[in-house]
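Convention: sequence-line order gives letters A, B, ...; per-chain numbering from 1. The figures here come from the full heavy-atom set of this structure, side chains too, leaving out hydrogens, waters and symmetry mates. Everything quoted here is computed from the prediction, not taken from an experiment.
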2 protein chains.
Amino acid sequence: MSSLRDVAERANVAVSTVSAALNGTRPVAAATKRRIEQAAAELGYRPNVLARGLVSKRTRILALLFPTPHSGFGLTEMQFATGAAEAAAELGHHLLLSPESHDPVDALRHLTTLGLVDGVLLMEVRLDDERTAFLAANEIPFAMIGRTRRPDGISHADIDFAATAEAAVSHLAGLGHRTLAFFNHTPDAYAAQYGPTVRTGAEFASAARQAGLTYIDEFRADTAEEGRAAFDHLVAAHPGVTALAVISDQAAVGVIAAVAARGWSIPRDLTLLLVLSSGRVAEMFHPRLTTLEPPSAELGRLGVRMLIDRLASGGDAPPEQRLVPCRLVLGDSSGPPPADPRARGGRTSETTGARP
Amino acid sequence: MSSLRDVAERANVAVSTVSAALNGTRPVAAATKRRIEQAAAELGYRPNVLARGLVSKRTRILALLFPTPHSGFGLTEMQFATGAAEAAAELGHHLLLSPESHDPVDALRHLTTLGLVDGVLLMEVRLDDERTAFLAANEIPFAMIGRTRRPDGISHADIDFAATAEAAVSHLAGLGHRTLAFFNHTPDAYAAQYGPTVRTGAEFASAARQAGLTYIDEFRADTAEEGRAAFDHLVAAHPGVTALAVISDQAAVGVIAAVAARGWSIPRDLTLLLVLSSGRVAEMFHPRLTTLEPPSAELGRLGVRMLIDRLASGGDAPPEQRLVPCRLVLGDSSGPPPADPRARGGRTSETTGARP
DNA sequence: GCGGAGATGCGAAACGTTTCGCAAAACCGT
DNA sequence: ACGGTTTTGCGAAACGTTTCGCATCTCCGC
């Protein structure tokens with residue numbers, strides 16, 4: 001590898017001049033500059049990131065902290081990462097993928113005291129996330145994909161849950177539904193104050209109330225079995241329900257099976273909405289599910305951009321915040337409610353019996 | 001941040017002694033060592049990775065090169081990455097997530113000339129992958145998840161396609177199937193000599209021949225529509241087919257729809273196998289599909305371990321290679337073939353008519 | 001008490017940059 | 001032709017490590 005000194009010798013100038021010429025740090029006579037650039041090109045010179053970082057205190061490396069799979073890693077998380085990595089590359093930065101051990105704050109401490117990263121990007125943020133306190137206390141630049149309860153001072157990109165819920169509810173209300181149920185993540189996820197769980201739940205409730213709908217919600221494990229059980233329970237307790245939004249892919253599988261077992265059909269007897277799930281997943285269902293698709297890659301990109309902006313400004317710039325709504329992708333699982341919801345139920349035993 | 005010098009002052013020794021004591025590079029008297037360690041602990045000293053890397057020429061940073069989504073990124077790729085990141089962390093290394101631009105070799109050159117990474121981990125390897133030539137020519141340590149056509153000299157972890165195909169075929173033959181079809185990825189993926197496409201195809205063919213099965217394969221786009229069309233075409237051309245292996249999730253969706261449209265049922269009329277797809281995906285189908293689940297996370301881990309071993313040995317150690325078979329996860333989509341396959345077809349029009 | 005071997009610690013150089021004060025050169029108006 | 005200003009380039013120091021030759025100190029047998 002050729003160094004700045006090699007270039008300097010070849011161009012007959014001092015090392016510092018080469019540095020200035022190549023970085024534009026201070027004016028260099030046009031002729032000299034051209035000579036230097038040519039020498040650099042001939043030698044295939046590339047600056048050494050470590051040496052540069054050592055003195056300038058900027059490595060242009062960002063860390064993406066990702067927790068050990070909460071409920072199993074999905075496409076959404078993948079898209080955060082790829083979006084972030086792409087944005088970082090475009091902006092001349094590198095992205096470090098840092099798994100969080102059992103102790104997230106400890107992992108953060110280990111990572112940030114090495115002088116390796118300029119800033120940190122947080123994902124899977126909880127409303128009272130302890131990591132933000134650590135980062136703030138140690139004055140480590142960071143941004144969030146997601147947000148805490150009071151994220152005013154912190155740059156973040158998150159889903160616009162209010163707008164998303166509003167879009168979903170008005171879609172359903174527009175079709176004529178009057179009763180809406182919502183299957184959220186597990187009670188554990190809620191207890192952990194995991195942002196999307198809490199916020200989606202709250203905003204759906206609020207939007208439903210606003211629209212004058214009857215609203216039922218339930219927190220269940222993200223498995224097909226639980227989805228099935230939850231659905232049976234739901235219909236028993238609220239026979240008038242005609243629309244259901246589900247946040248977990250796996251639970252949706254159970255719901256669909258339970259619907260079929262009843263002899264019902266989607267969307268004739270039930271409108272099903274998949275919330276916060278990628279289009280690729282929705283396509284795997286039959287019929288194709290109407291989905292509220294999170295802008296995952298975009299959030300990853302935004303997070304990185306914000307973090308870099310913040311670093312560039314030296315922390316003076318005010319924090320930036322963006323809420324992006326999910327995209328409502330119409331599938332074949334939503335339609336008008338049946339005329340008389342209570343008349344749906346009769347076929348249960350026959351149809352279930354027909355299929356082993 | 002406290003530096004080596006701070007520790008030295010506090011412990012009343014020279015900087016070089018601290019370095020030796022902390023790294024065990026050379027013997028240091030027990031008493032001195034204890035004093036130094038205590039001083040370091042009190043100051044919360046952590047070595048600066050950049051300074052260390054600058055002189056030692058080892059950064060303990062590995063790069064995971066990931067291509068821009070070939071056919072859309074899936075869970076498999078995510079698991080490579082998380083497995084690799086976790087293994088790296090456990091072994092005291094860091095993992096850089098590097099997207100490949102339009103020109104993979106150029107991206108590699110840019111990345112590797114910065115002095116930032118010790119080695120590179122390649123994924124989505126094609127049989128004649130140009131990246132390996134570049135890396136070998138420039139003597140950059142690397143390992144592959146996947147493998148080229150002749151990977152003898154290169155450390156790699158890959159799926160054991162032969163064992164996988166053998167397991168699948170013997171599962172099917174054991175159930176009594178005599179005719180097997182296989183829907184592979186697109187012709188494009190084959191033309192690009194993408195490893196899994198080529199190898200899975202070849203090994204399935206070979207295993208089927210070995211078992212004396214009639215074998216048909218087809219390359220199609222990874223979409224539900226194509227899956228459906230391919231299936232209709234398959235049954236028309238080969239009415240005796242009773243078992244089908246599909247490599248694409250999306251195509252499987254189409255197949256399932258086409259099967260249903262015919263009035264057939266899985267596994268009664270057709271045994272369906274999902275190949276190289278994660279269990280999470282298989283669970284989203286109904287019935288739950290029998291799957292050959294790739295050991296993605298493990299391959300990621302292995303790749304990292306091999307790369308690190310190689311770096312530690314200074315390149316003297318012989319390359320390591322591991323082939324891991326997919327796990328056959330039994331679902332409810334495989335069973336014995338119907339007694340008379342040709343008698344399946346009659347119900348097509350009626351049943352299709354019944355559902356809009 | 002002395003010479004030599006081992007053990008122990010020191011100081012300086014090096015890694016490849018950026019930064020900054022300062023000197024030399026060039027240019028200007030008068 | 002001359003003082004002052006601007007332009008241009010130089011050299012040295014610094015960033016925080018590792019590495020390595022060398023000095024000192026201790027200990028031992030004779």
Side-chain angles (χ1 to χ4, degrees), chain A residues 1-37 39-40 43-61 92 94 112-118 311-312 314, chain B residues 1-37 39-40 43-61 92 94 112-118 311-312 314:
Chain A
M1 265 319 76
S2 50
S3 76
L4 215 42
R5 214 175 67 164
D6 301 326
V7 179
E9 280 172 8
R10 179 174 260 258
N12 274 314
V13 291
V15 169
S16 59
T17 309
V18 179
S19 173
L22 261 28
N23 296 318
T25 310
R26 55 167 75 209
V28 170
T32 333
K33 186 168 178 181
R34 214 177 313 118
R35 200 149 34 95
I36 290 173
E37 277 165 353
L43 290 169
Y45 168 77
R46 307 227 54 213
N48 182 305
V49 171
L50 292 123
R52 172 177 291 188
L54 186 56
V55 36
S56 72
K57 305 281 180 209
R58 287 218 38 195
T59 60
R60 306 191 141 242
I61 299 177
H94 301 273
T112 53
T113 47
L114 294 173
L116 185 59
V117 305
D118 285 348
L311 289 168
Chain B
M1 266 316 81
S2 52
S3 77
L4 216 40
R5 214 176 68 166
D6 302 325
V7 179
E9 279 172 9
R10 179 174 259 257
N12 273 314
V13 291
V15 169
S16 59
T17 309
V18 179
S19 173
L22 261 28
N23 296 319
T25 311
R26 56 168 73 209
V28 170
T32 331
K33 186 168 177 182
R34 212 175 316 118
R35 201 151 31 97
I36 290 173
E37 278 166 353
L43 290 169
Y45 168 76
R46 306 227 54 212
N48 181 305
V49 171
L50 293 130
R52 174 177 290 187
L54 186 56
V55 35
S56 73
K57 304 282 180 207
R58 286 214 42 192
T59 60
R60 306 191 142 242
I61 300 177
H94 301 273
T112 54
T113 46
L114 295 173
L116 185 59
V117 304
D118 286 347
L311 290 167

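Rounded to whole angstrom, the span from the CE atom of B:Met1 across to the C1' atom of D:dA14 amounts to 19 Å. To the nearest angstrom, P of C:dG11 lies 13 Å from CZ of B:Arg5. Distance, B:Asn12 CG to C:dT8 C1': 16 Å, rounded to whole Å. Straight-line distance from the CD1 atom of A:Ile36 to the P atom of D:dT8: 13 Å, rounded to whole Å. At whole-Å resolution of the value, CD in B:Glu9 and P in D:dG16 are 12 Å apart. Computed from coordinates, the A:Leu116 CG to D:dG16 C1' distance equals 14 Å when rounded to whole Å. Between B:Arg34 atom CZ and C:dT8 atom C1' the separation is 16 Å, expressed in whole Å. Rounded to a whole Å, the OH atom of B:Tyr45 is 10 Å from the P atom of D:dG16.
Looking at every heavy atom in both residues, B:Ala21 comes nearest to B:Lys33 through O-CE, 3.8 Å. Looking at every heavy atom in both residues, A:Val7 comes nearest to A:Val18 through CG1-CG1, 3.8 Å. A:Ala20 and A:Arg26 make their closest contact through CB-CG, 3.6 Å (heavy atoms, listed as atom of the first residue, atom of the second, distance). The nearest pair of heavy atoms linking A:Met1 to A:Asp6 is O-OD2, 4.3 Å. Nearest heavy-atom pair, A:Ala51 versus B:Leu54, reported as atom, atom and distance to 0.1 Å: CB-CD1, 3.8 Å. Shown here for B:Ile36 and B:Leu22, the closest heavy-atom pair between the two residues is CG2-CD1, 3.8 Å.
Here A:Asn23 reaches the OP1 or OP2 of C:dT18: one of its side-chain N or O atoms lies under 4.0 Å away. In this structure, A:Lys57 does not reach the C:dT18 phosphate: none of its side-chain N or O atoms is under 4.0 Å from OP1 or OP2. OP1 or OP2 of C:dC10 lies within a sub-4.0 Å distance of a side-chain N or O belonging to B:Thr17. Close to D:dG9, at under 4.0 Å from its OP1 or OP2, lies a side-chain N or O of A:Thr32.
When heavy atoms are screened at a 4.0 angstrom cut-off, A:Ser19 is found touching base atoms of the nucleic acid. In this structure, B:Arg46 reaches the sugar-phosphate backbone alone: every heavy-atom distance under 4.0 Å involves primed, P, OP1 or OP2 atoms, never a base. Note on B:Arg26: a base of the nucleic acid sits closer than 4.0 angstrom, heavy atoms only. Residue-level contact check: B:Val49 touches neither bases nor backbone, having no heavy atom under 4.0 Å from any strand.
Nearest-nucleotide assignment on DNA chain D puts the 5′-proximal partner with A:Pro27, out of B:Leu4 and A:Pro27. Between B:Val13 and A:Ser16, it is B:Val13 whose nearest contact on DNA chain C lies nearer the 5' terminus. Each of B:Ala14 and B:Leu54 lies near DNA chain C, and the nucleotide nearest B:Ala14 is the one positioned closer to the 5' end. With the nearest nucleotide of DNA chain D identified for both B:Ala20 and B:Leu50, B:Leu50 has the one nearer the 5' end.
Out of D:dG9, D:dT18, C:dT17, the shortest distance to the side chain of B:Ser56 is found at D:dT18. With D:dT17, C:dT19, C:dT17 as the candidates, the nucleotide lying closest to the side chain of A:Arg52 is C:dT17.
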